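A short write-up of the structure that comes next.
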Amino acid sequence: MRRREFIGLVLWSAATFPQMEARAQQAVTVIGVLGSSTATDYGPMIAAFRKGLSEKGYFEGKNVGFEYAWADDHYDRLPALATKLIERRVSLILAAATPSALAAKSATSTIPIVFAIGGDPVRTGLVTSLNSPGGNVTGAAHINVDTAPKRLELLHELLPNRTSLGLLTNPANPLTASVESGVRAAAEVLGIRLTTFHASTDEEIEATFKSAAGSVAGMVIGTDPLFTSRAMALGAKSLEYKLPAIYQYRDFVAAGGTMSYGGDIKNSYYHAGMYAGRILNGEKPANLAVQLSTRLELLINLKATKALGLEPTPVLVGGADEVIE
Amino acid sequence: MPKPHRTLFVKYFFTLFIAVVFPLALGAMGEAWFGYREHRAHLTELLRTESRSAADRIQTFTDGIRDQLGWLVQFPWPDGQDEQHKIDAHRLLRQVPAISSVSLFDRVGVQRTMVSRLAINRIGEETNLPSDRAVAELRESVSKVWYGPVRYQRGSEPHMTIAVSGNRQANGFAIADVNLKLIWDVVTAIKIGETGEAFVIDDTGRLVAHPDISLVLRGDATASAFNRLRHDIAKSNSSATETKDIEGHPVVALVAEIPSLKWTVVVEQPAAEAFAPIRSSLWRSLLLVLIGTLIAIVLAYWLARRMSGPIRQLEEGAQLVGAGQFDHRVTISTGDELEQLAGRFNEMARELGLSKEKSDRINRLKRFLAPQIADLVERTGDDALLEGQRREVVAVFADLRGFTAFSNRTEPEIVMKVLGAYHEAVGAIIDRRGATLTNFAGDGLMLLVNAPVSCPDPALEALSLAIEMQSVVQSLVADWRKQGHRIGLGIGLAMGPATVGRIGYEGRLEYTAIGSTVNLASRLCSAAIDGQILVDAVVATAIDAKIPLQAMGAIAVKGYDQPVPVFTVAPSVIPKC
């Protein structure tokens with residue numbers, strides 16, 4: 001009887017072994033990362049995303065794999081990249097920035113998409129409402145777009161007597177229109193003459209700064225992944241060309257930019273990571289409400305203001321969440 | 001019909017088993033019940049503490065905002081001080097991250113300053129905005145603070161209005177829009193056990209704060225579910241309620257109110273964790289009961305065996321002893337009354353054995369001794385009496401004359417009847433006089449006097465016995481004659497030393513006398529005619545004329561060289577009955 005049992009056991013193991021192997025392969029889920037910019041520049045964001053993911057029990061290399069697709073600031077490549085990820089049969093797509101999110105949403109309506117964007121999720125059409133996204137898309141937003149008018153106001157606060165200010169946007173970004181209209185409206189209220197500058201490449205950015213330095217007193221940098229990836233360069237350029245500038249990214253201020261105001265980008269990616277983990281655990285994206293940044297932080301670089309010969313008001317300095325000296 | 005032994009065993013077994021298991025089970029159930037009640041009370045205490053603490057922390061949060069707002073309405077609102085107010089507002093926003101915008105109204109209720117984190121500030125405008133509801137409320141009420149209802153901005157983010165007024169109407173009003181997402185830190189920090197949590201809902205069920213902030217951001221979608229939960233818990237006023245959370249999982253929950261805000265803090269713990277201690281203690285109790293039951297079974301079995309075993313042994317013993325096996329002994333070494341009983345039983349068996357032996361002996365003796373002699377022998381216990389020895393005895397032989405011829409020609413029933421009458425008559429006399437009847441063969445019998453028990457005047461005794469016998473039988477003879485049977489009785493006596501003792505083999509022992517005296521008596525009997533008693537010279541000498549004897553000359557007897565003198569009893573001596 002025991003011999004028979006042993007043989008039976010051996011046969012059963014042999015029969016199920018291939019199945020077990022196949023199941024082992026399937027067990028590794030893959031997250032597709034669709035990035036508008038470059039891997040290196042968005043490295044810290046992806047790191048924040050991974051941290052959020054690990055909170056829900058998913059660790060890269062252990063039980064989840066990553067598949068990256070970067071557009072290198074060429075947003076027209078995004079639809080093809082999105083299709084490639086879908087063919088790869090990823091379990092979930094992380095859309096880094098608004099252009100990626102819009103491309104991913106058009107590409108699939110079944111694979112869950114988690115975004116981390118600066119735009120407004122409802123106004124860009126990604127979700128139907130913040131409280132119940134519906135469909136397969138949800139995520140976190142650091143509402144760059146909404147804070148852009150406020151950034152103009154802050155710049156105006158810094159340069160109270162100057163009425164000519166500039167706005168830098170990337171025309172390739174679908175968000176640009178809403179940014180420009182928002183800031184223009186604010187400029188009217190504040191009584192500012194606004195000049196809009198467009199740049200889609202590094203050379204164009206360089207050219208813009210060169211020409212803007214003479215014509216406007218300060219520059220509000222609009223929302224764009226390109227600008228985010230070039231944040232440090234932009235900060236350095238602001239100092240170089242002696243053009244006070246305000247953006248929404250700490251690295252910008254640390255590199256020499258004058259001020260930064262808005263929601264924390266990395267925080268959005270962290271929340272996106274937690275959402276990704278929850279979706280992989282079985283929750284539906286339609287039931288996960290969109291998270292907007294809770295805190296809006298003002299950073300000011302006093303070294304830069306000194307170099308630019310500016311004297312920020314006590315309100316500005318006192319109200320800053322972080323002062324870089 | 002003897003019933004199977006198992007009944008007693010089974011009775012004992014079940015009695016013992018139930019005696020152990022019943023209290024055990026009762027104890028376990030009692031412990032479980034009381035344990036559950038205690039645990040419920042403890043749970044209620046825990047949840048109450050946590051919920052009160054949570055409510056206090058939230059109260060502190062909103063009180064903090066109210067206090068900070070108070071800074072802005074300390075001084076009256078003079079005209080042209082808008083810049084100062086702007087600075088104050090900015091400082092407020094810096095100090096209180098939860099405030100997303102603050103509006104300052106003058107004493108008339110006109111908004112003069114609005115500083116926001118997101119919207120463009122409005123400084124020093126006399127905007128003709130409709131009078132804020134908050135201002136109206138503050139104006140009406142006595143308290144200096146007004147808490148607005150919870151509303152979801154863009155359907156998602158929870159906000160509320162907190163408005164304060166100063167100690168004078170002139171100070172104006174400060175109205176802050178509070179982003180309640182920042183209460184999340186307070187709520188997340190509240191830990192109930194491992195998996196328990198706390199959340200806050202307002203009086204319409206709208207979620208204000210929850211550890212899973214995405215649930216709050218769902219807006220009104222969850223309101224009805226939470227309202228139901230709140231009502232369920234409110235039903236059982238002061239103790240922890242077992243209910244289902246909004247996803248349908250069973251939880252234990254308790255609420256605490258924040259009266260100033262009309263909010264409710266709900267603390268809940270999943271039923272699995274809440275009752276885990278109870279469950280594990282129940283399992284423990286069950287295990288103990290199980291072990292106890294097993295022990296009870298073993299114990300009951302063993303004890304029942306111990307109790308019914310000896311009883312069974314006694315029963316078997318009684319059966320065997322009753323069947324005659326008197327040497328059977330029952331061994332019980334339980335060290336209690338049963339052992340005593342066994343001892344008594346064994347004694348009884350021994351006594352029975354002894355008594356049986358005794359009665360056997362008596363019966364053996366009675367075969368040839370007269371009953372009273374047999375008793376005497378038995379009483380004195382002197383077995384030596386039956387030992388072989390030489391004694392002076394009187395041997396008496398009696399024989400029916402003409403019996404053989406009679407038995408040949410008569411039917412057996414009559415022969416037996418005659419014999420029976422003869423024996424009965426003669427036997428009574430022998431028994432009365434205590435003579436030893438050694439044997440009777442057919443119509444002849446042999447008696448001994450003075451053996452095994454001595455008697456005072458053996459010759460006289462023997463002769464008197466013979467005379468009595470003859471007398472009684474003669475009357476029988478007369479009857480028989482009438483019936484046509486020619487039978488008579490002749491008796492012969494001789495006295496002298498003889499060897500007496502038991503002869504035969506085991507089981508068939510007889511007491512008898514051996515010697516020439518015996519022979520002589522037998523010869524004399526044969527020689528005696530019907531009605532005659534012949535005695536030898538020794539007897540005659542011993543009689544010594546107490547009974548008249550007649551000399552009959554001498555006869556030749558085998559074994560004797562000389563002819564032996566013979567005497568007869570005078571017929572007149574023999575009474576006629």
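So you know, we letter chains A, B, ... as the sequences are listed, proteins then strands, and number each from 1. Just so it is clear, the structure is predicted and the values come from calculations on it, not from any experiment.
Chosen from Asn287(A), Leu298(A), Thr138(A), the residue pairing most often with chain B at heavy-atom distances under 4.5 Å is Asn287(A). By number of non-hydrogen pairs under 4.5 angstrom with chain A, the leading residue of Ala119(B), Ala221(B), Ser100(B) is Ala119(B). Considering only heavy-atom pairs separated by less than 4.5 Å from chain B, the leading option among Leu288(A), Leu152(A), Leu296(A), Leu292(A) is Leu292(A).
The CG atom of Leu217(B) lies 11.5 Å from the OG atom of Ser132(A); values are rounded to the nearest 0.5 Å. Note that the CG atom of Leu130(A) and the CZ atom of Arg218(B) stand 13.0 Å from one another [nearest 0.5 Å].
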Check your understanding: Between Arg91(B) and Val315(A), is a side-chain contact (heavy atoms from CB on, under 4.5 Å) present by the stated rule, with each step listed?
Key -> CA-CA 7 Å; Arg91(B) 292 174 74 187; Val315(A) 164; over 6 Å; no
Check your understanding: Does the pair Val290(A) and Arg154(B) meet the rule for a side-chain contact (heavy atoms from CB on, under 4.5 Å), with working shown?
Key -> CA-CA 11 Å; Val290(A) 176; Arg154(B) 297 187 67 181; over 6 Å; no
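Using modelled atom types, no side-chain atom of Asn131(A) and backbone atom of Gly219(B) make a donor-acceptor pair closer than 3.5 Å. In this structure a side-chain-to-backbone donor-acceptor pair under 3.5 Å is present from Lys150(A) to Ser116(B). Between the Arg94(B) side chain and the Gly318(A) main chain, a donor and an acceptor come within less than 3.5 Å of each other. Within the 3.5 Å criterion, the main-chain N or O of Asn121(B) finds a donor-acceptor partner in the side chain of Glu153(A).
Of all heavy-atom pairs spanning Leu118(B) and Asp146(A), the tightest one is CD1-O, 4.1 Å. Here the closest heavy-atom approach between residue Ser214(B) and residue Ala289(A) is recorded as O-CB, 3.6 Å. Between Thr294(A) and Asn179(B), the shortest heavy-atom contact is O-ND2, 4.0 Å. Looking at every heavy atom in both residues, Ser293(A) comes nearest to Glu157(B) through O-OE2, 4.2 Å.
Gln95(B) does not touch chain A: none of its heavy atoms, backbone or side chain, sits under 4.5 Å away. With a 4.5 Å cut-off on non-hydrogen atoms, Ser129(A) does not touch chain B at all. If you measure heavy-atom distances from Glu157(A) to chain B, the contacts under 4.5 Å come from the side chain alone. For chain A, the nearby parts of Arg117(B) are the backbone and the side chain; heavy atoms of each come within less than 4.5 Å. Neither the backbone nor the side chain of Leu215(B) comes within contact range of chain A; no heavy atom of the residue lies under 4.5 Å from a heavy atom of that chain. With a threshold of 4.5 angstrom between heavy atoms, Ala98(B) does not approach chain A through any atom at all. Of the atoms belonging to Ala320(A), it is backbone heavy atoms, and not side-chain ones, that fall under 4.5 Å from chain B.
Within 6.0 Å of CZ on Arg162(A) lie no more than 12 heavy atoms contributed by other residues, nucleotides or ligands. Heavy-atom neighbours of Trp184(B) CH2 from other residues, nucleotides or ligands within 6.0 Å: at or below the threshold of 12. A 6.0 Å sphere centred on CZ of Arg230(B) holds more than 12 heavy atoms belonging to other residues, nucleotides or ligands. Few gaps surround CZ on Arg50(A); more than 12 heavy atoms of other groups in view lie less than 6.0 Å from it. Counted within 6.0 Å of CZ on Arg193(A), heavy atoms from surrounding residues, nucleotides or ligands total 12 or fewer; the atom is thus considered open.
In this structure, Pro149(A) and Ile120(B) have side chains that are in contact, with non-hydrogen atoms separated by less than 4.5 Å.
For Arg295(A) and Asp185(B), the salt-bridge test passes: some basic side-chain N is under 4.0 Å from an acidic carboxylate O.
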